[in-house]
Structure formats: structure tokens, C-alpha cells
Amino acid sequence: MTDRVLRIGLPIGVLALGIVVWALVVYLNRIPPFVLPGPGLVFATLVKDWSLLANSLLVTLLTTFEGFVLAAIGGIGLAVLFNQSRLAEYSFYPYAVVLQVTPVVAIAPLLLIYLPQPAAVLVCAWIVAFFPVLANTTLGLNSVDHNLLALFGLYGASRAQMLWRLKLPSALPQILTGLRIAGGLSLIGAVVAEIAAGSAGAGSGLAYRIAESGYRLNIPRMFAALLLLSVAGIAIYFALSYLTYLALRRWHESVIAREL
Amino acid sequence: MAAVNNHPIISLRNVGKTFDSGTVALDGLDLDVREGEFVSLLGPSGCGKSTALRIVAGLSAPSRGAVHWAVGDDMSAERLGFVFQEPTLMPWATVAANVGLPFKLVHAKESYARERVERALERVGLSAFAQSYPRELSGGMKMRVSIARALATEPQVLLMDEPFAALDEITRFKLNNDLLALWQMLKRTVVFVTHSVFESVYLSQRIVVMTPRPGRVFTEVAINAPYPRDERFRTSAEYAALCRKVSEALSEATAEAA
């Protein structure tokens, strides 16, 4: 009980302290808002520009969500394909790694040349997010208890039954770990692409708002947009953590509360 | 006492197994398993007894020699039950779903499968835990689930690979007794791999003592004590004498190889 209070109370306390210090620094040093706005002004801007920012937030969240779903399908699908066919794994896995290690910031401008902007942003989100799903799912599919594999073989299980009844359930914890990482990365991919696209003009996502506000020296709005992005990231993380909990609570050690 | 006719249900002839690493696990292994008998393969760790069992099950192919089943070579759940050293349960599935796995995989009728699962769980005394998950059970209970799964299809032959090695002694004695009771009730053939002299003498009609590296049959010891065997047998002079005899055979087998 006390542990729970501390776990929730302490971060909130630190947040409150941070805001107070921030406000004091701005106030005591008389820092002008175009250099560093105080927390009050940022919050006021958030309220004032809410309709504009909320629309941008929706755009970014939609891209993030689409990128995440495609990453989930692509990552899990590729991992299953690689697991079923060694030839496919040998042929394509290196390129999945190449796609992962090439910084997305460097790919984004190229994609913007060849693709319409919304598609380019989506592809960026996908590129960043799919690899952790692929890597974790592959790990999960390859770590199936070999005695269980032997048992399924003994009982004459087909390849499809091995996959659906054994390998995928067994890999579920790793798949969910991959998805949890992918959720955050998908947001990052979308933001990076929007920033890169910013100069191209047509964007209206939150990251585009940050770039735009930067050009106009509207620093309070930059902070407000940043705050929204951060809250979105936290919400995604908690949503996916809750999903993991729901999926694994009956059987997996990682989410079972124990009395020590 | 269960009926034993002299007809071998499984015959291994000159079976050898060399692993890719070059280790010769088995060489020139001859073994007959007779229908309805309880036979133990006894040997020190690394003598290839588990490998022999896996070859019998078809989980591993022999490098040399042949395995012959009296009833044909088609492996199925009606033919064979296998119990591993670990319980080998699916942690995401309930006890009932784990025991029902062999039926699920062959798309057996739901009502038929449910009836068989219920009967198997009843036999190992776990009816009340059908909807529990494996993590909620103790080590001994998990092993019972594993045995229930192997017995659910009522296979002709039950292969057991050191199934109780990881359990504490009290649990092991209890499961030994349960296993014997099941064997007498179901009258199936059991091939039991163990490194415990005491366990093999307590359970078996016949003990096959194996030499280590390469594994082959050193000698056989018949245990003619009548069933049912219980704690009285476990504390009898006869049991102690048999254990000494088997223990000596095991020492000789190990010494010969060294």
C-alpha cells in the first residue's frame, strides 16, 4: 500500500517541484517568453490554441496508429515467414537490419520526394517501428520449449497447428514487448517525418506545428505542442502496457503479482 | 499382477547413435520390450538411456540399426505416450486444455475429448484443478498433469524419461505409488528411464542396466516381487537386497566403461 502511494506520489511530487523551479527561474530572472516561457504561459497557450493543436494532435496520432498497425502486421508477418522458411530468412533478414540501422532522419527527405507527404510520413513511422516487432517476434518463435515441439511432433501436429497452437502463443510475451517498443517508436517516426516534411509545407501534424512555431518564434506554442506529444507518448506506452497485462495476466511470470 | 506375454511389442536391434559432435551415445543396443511389462532403463547420466527412449519414440533417428514395432511403424497418440523430465506443459493453457491437446490436434469430437480429459484428470487426482493454469500448481501436480496428458489417449506404450528426477523425495514416492496403481489398472507397457536404483527396483518387473559412453545393455535384473508394491515393500529386506544387487550391477557397468 505505502509502496503504491510512493510509486505514484513521488513522480507527481518531482513534476510539481520541476514546474515550481521552472516558474521561479523564469520569474526571478525575468526571462522573456520568446526565450523561455513560464509554465503558466505554456498552459495558457495550450488552452488558447487548443482547437489548432488538437487537430494537429489527431493527425499525428492517426499516422502513429497507422504506422503502428502496419508495423505490427509487417513485423509479426515477416517473423512468421522467416520462421517457416529458412531461405526467406537468409534472403531478407539482412535488409530488415539495414532498414533499421539507417537513420530514419536521413531516409525521410528522400521518401518525401517520391511519395505524397502523408504516405511518406506513414512509411517513416513504419520503418522505425517494425524492426523491434520483427526482432522480438523472431526471438519468441525461436525460443519455444523444444520438448513441447517434440510433443507436438509426437502427436502428429501439422505445421499450421505448430504455429497457431504452440509457437505464436509461446512467443506472445516477446511479441507484446516488441509492440510496446513499436508504439513509442512509431510516434517518433511520425514526428521525424513531419519535421522533415515541415519545410515542404503541406503538413499539419503536431511536429509540423513545432517546426512552424519555431520559425515564427512562437516559443510558448512550441512548448505546448511538445507537451502534447509527450503526453501522447506516455498514453501510448500505458495503453500497450495495459494490453500486455490483459493478454498475459493468467499465465506469464512478468505480469503476475507475487507476495515475496 | 499385470499380464505379460512374451511377445515383444518393441524391438531394438543393434541400435547405434552418433551425434553430429562425434559423441557416440549408443552402440550395439539390443532391447526387447514385452507387451504389458514395466521395464526400466537404468544407467548413470550420459549413458544414452534418454537417447534410446527418444529413438523408440521416433523423436530421434538411429544412426545404425533398427527399431521394430510389432504393430507397425505408424506413430500416433493411441500408440504412444511420452512423459518428459520436465512437465512440458503449455503455460498459457489450462490444465484441461493441456491434457486435451492430443485430441485437439487430431480434431477429435469435443464431447469425446472432454470425457477422456475428465477421466485422465480423475485418475491422477486433479479433477478439481481442470481450470487452473500450470503456474498455479506445485511441481508434483504439474508432473501429474503431464502423466494425465500421456494417459488420456490410453496409449499402448508409455515412455517416461526420468519423469520424477526433479521432484523431492516425498512427492516422488507418492507419484511412484500412483504410477504403479495406474499401471496395474490400465495394463499398459511402460518403459521408464531413471538413474535411481531405488526407484527402478521399486517400480519395475525388469531392469535393464546400461553402460555409459557408448550406451549398450550391460545386464538385466528381473524383479520378481509381487504387485501391488507399497511402503512395506520399500522397507523390506528383499527390497534392500535387490537394491544392493542392482547397485552392484550398475557399478560394474560403469567400471567396465571407464
Side-chain angles (χ1 to χ4, degrees), chain A residues 76 79-80 83-84 86 136-137 139-180 241-260, chain B residues 50-51 53-61 74-95 97-108 113 131-137 142 145-147 149-150 152-153 155 157-163 166:
Chain A
I76 296 171
V80 168
N83 185 263
Q84 298 293 307
R86 188 167 296 221
N136 280 287
T137 306
L139 175 71
L141 292 176
N142 290 339
S143 337
V144 177
D145 180 350
H146 63 275
N147 280 340
L148 271 175
L149 280 172
L151 187 82
F152 270 65
L154 215 56
Y155 287 139
S158 65
R159 274 171 87 97
Q161 285 176 322
M162 288 254 192
L163 183 66
W164 283 105
R165 295 198 174 276
L166 177 58
K167 288 183 176 176
L168 282 176
S170 169
L172 192 60
Q174 285 89 343
I175 293 175
L176 288 165
T177 302
L179 290 181
R180 226 159 48 223
S241 297
Y242 188 63
L243 181 76
T244 303
Y245 168 76
L246 285 185
L248 301 182
R249 73 199 149 127
R250 295 307 300 269
W251 65 275
H252 202 256
E253 289 293 338
S254 64
V255 290
I256 291 162
R258 285 199 177 280
E259 289 186 30
L260 291 175
Chain B
S50 293
T51 307
L53 200 69
R54 295 177 75 88
I55 287 175
V56 169
L59 289 174
S60 168
D74 173 48
M75 291 293 164
S76 72
E78 282 75 39
R79 162 77 55 78
L80 194 72
F82 200 104
V83 180
F84 296 89
Q85 185 168 348
E86 294 86 33
T88 312
L89 303 174
M90 301 176 289
W92 57 87
T94 60
V95 164
N98 267 290
V99 176
L101 176 71
F103 303 107
K104 258 287 187 284
L105 291 177
V106 296
H107 306 289
Q131 296 312 314
S132 301
Y133 284 79
R135 63 165 188 88
E136 296 162 335
L137 307 180
K142 284 184 205 164
V145 177
S146 191
I147 292 171
R149 178 179 57 198
T153 55
V157 179
L158 183 60
L159 304 177
M160 307 184 85
D161 185 7
E162 304 194 41

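Scope of the values below: all heavy atoms of this structure, side chains included, with no hydrogens, waters or symmetry mates. We name chains A, B, ... by the order of the sequence lines, and we start the count at 1 in each one.
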Rounded to the nearest 0.5 Å, what separates atom [atom1] in [X] from atom [atom2] in [Y]?
X	Y	atom1	atom2	value
W251(A)	T94(B)	CH2	OG1	13.5 Å
D145(A)	E86(B)	CG	CD	7.0 Å
R250(A)	W92(B)	CZ	CH2	16.0 Å
M90(B)	F152(A)	CE	CZ	5.0 Å
N147(A)	L89(B)	CG	CG	11.0 Å
R79(B)	L154(A)	CZ	CG	11.0 Å

Task: Contacting region of F82(B) [heavy-atom separation from chain A under 4.5 Å] - done: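 Backbone plus side chain of F82(B), per the 4.5 Å heavy-atom cut-off to chain A.
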- [ ] Using non-hydrogen atoms and a 4.5 Å limit, figure out which bit of R54(B) sits close to chain A: side chain, backbone, both or neither.
- [x]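 Only the side chain of R54(B) comes within 4.5 Å of chain A.
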Task: Closest approach of A150(B) to Y155(A) (non-hydrogen atoms, all atoms of both residues) - done: CA-OH, 3.9 Å
Task: Which atom of K104(B) lies closest to which atom of Q161(A), heavy atoms considered - done: O-NE2, 4.0 Å
Task: Proximity breakdown for L172(A) and chain B, heavy-atom pairs closer than 4.5 Å - done: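 Neither part; nothing is under 4.5 Å.
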- [ ] Could you look at S170(A) and say if it's the side chain, the backbone, both or neither that has a heavy atom under 4.5 Å from chain B?
- [x] both
Task: For D161(B), side chain to side chain donor-acceptor pair (under 3.5 Å) partners two or more places apart - done: S50(B)
Task: Qualifying residue for side chain to side chain contact (heavy atoms under 4.5 Å, CB included) with L151(A), from L101(B), V83(B), L59(B), L105(B) - done: L101(B)
